[in-house]
Amino acid sequence: GWTPEHRSVVRGALGTWNSAGLPLRFVAADDPAAADIRVHWAARLPPPAGAGPDESRIGETGFTTDERGWIHAATITIAIADARGPLDVYTVQN
């Protein structure tokens with residue numbers, strides 16, 4: 001169910017974060033080896049621990065830190081469907 005529009009949503013989110021006034025800038029990389037933050041897509045994520053089968057989540061983030069605790073790389077996994085079915089790209093974006 002993934003479409004190229006999903007990738008556009010991620011690029012749009014980068015623009016939103018860039019306009020948030022943070023002291024850093026997000027730039028899209030076409031080569032995953034050059035990216036500090038990687039976005040992966042999943043058909044669906046398992047329910048949170050202890051949740052019922054109808055509960056779902058649509059995203060998760062993992063990261064690594066340096067010796068001072070600063071995040072230097074992250075992986076974001078976004079589901080394109082939840083327990084109710086496929087998600088529209090606006091839900092994914094939010």
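Each residue takes its place number in the sequence, starting with 1.
The hydrophobic cluster containing Ile71 also includes Phe63, under a criterion of side-chain heavy atoms closer than 4.5 Å among ILVMFWY residues, counted directly or through chains of members.
Annotation for Tyr90 and Glu5: closest pair OH-OE2, 4.5 Å, computed over non-hydrogen atoms. Taking each heavy atom of Ala43 and Ala79 in turn, the nearest pair found is O-CB, 4.4 Å. Nearest heavy-atom pair, Pro86 versus Ala81, reported as atom, atom and distance to 0.1 Å: CA-CB, 3.8 Å.
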| Arg25 and Asp36: CA distance, side-chain angles, deciding distance, salt bridge (Lys or Arg N to Asp or Glu O under 4.0 Å) verdict | CA-CA 12 Å; Arg25 183 143 176 82; Asp36 295 321; over 6 Å; no
| task | Could you walk me through whether Ile58 and Leu45 pass side chain to side chain contact (heavy atoms under 4.5 Å, CB included), step by step? | result | CA-CA 6 Å; Ile58 63 169; Leu45 295 174; 5.7 Å; no
| task | Go through Thr65 and Trp70 one step at a time and tell me if the side chain to side chain contact (heavy atoms under 4.5 Å, CB included) criterion holds. | result | CA-CA 5 Å; Thr65 58; Trp70 290 96; over 6 Å; no
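Atoms CZ and CD1, from Arg44 and Ile80 in turn, are 12.0 Å apart once rounded to the nearest 0.5 Å. For the atom pair Ile37 CD1 and His72 NE2, the distance stands at 12.5 Å (nearest 0.5 Å). Distance CG/Asp82 to CZ/Arg57: 12.0 Å, rounded to 0.5 Å.
Between Ile76 and His40, every side-chain heavy-atom pair lies at or beyond the 4.5 Å cut-off. A heavy-atom distance below 4.5 Å is not found between the side chains of His6 and Val9.
Atom CH2 of Trp2 is surrounded by more than 12 heavy atoms from other residues, nucleotides or ligands within 6.0 Å.
Counting only N and O atoms by type, the side chains of Thr91 and Asn94 include no donor and acceptor under 3.5 Å apart.
In the hydrophobic clustering of ILVMFWY residues, with side-chain heavy atoms under 4.5 Å counting as a link, Leu24 and Leu14 come out together. One hydrophobic cluster holds both Val10 and Phe26 under the rule that ILVMFWY side chains link at heavy-atom gaps under 4.5 Å.
Here the side chain of Arg38 pairs a donor or acceptor atom with the backbone of Pro32 at under 3.5 angstrom.
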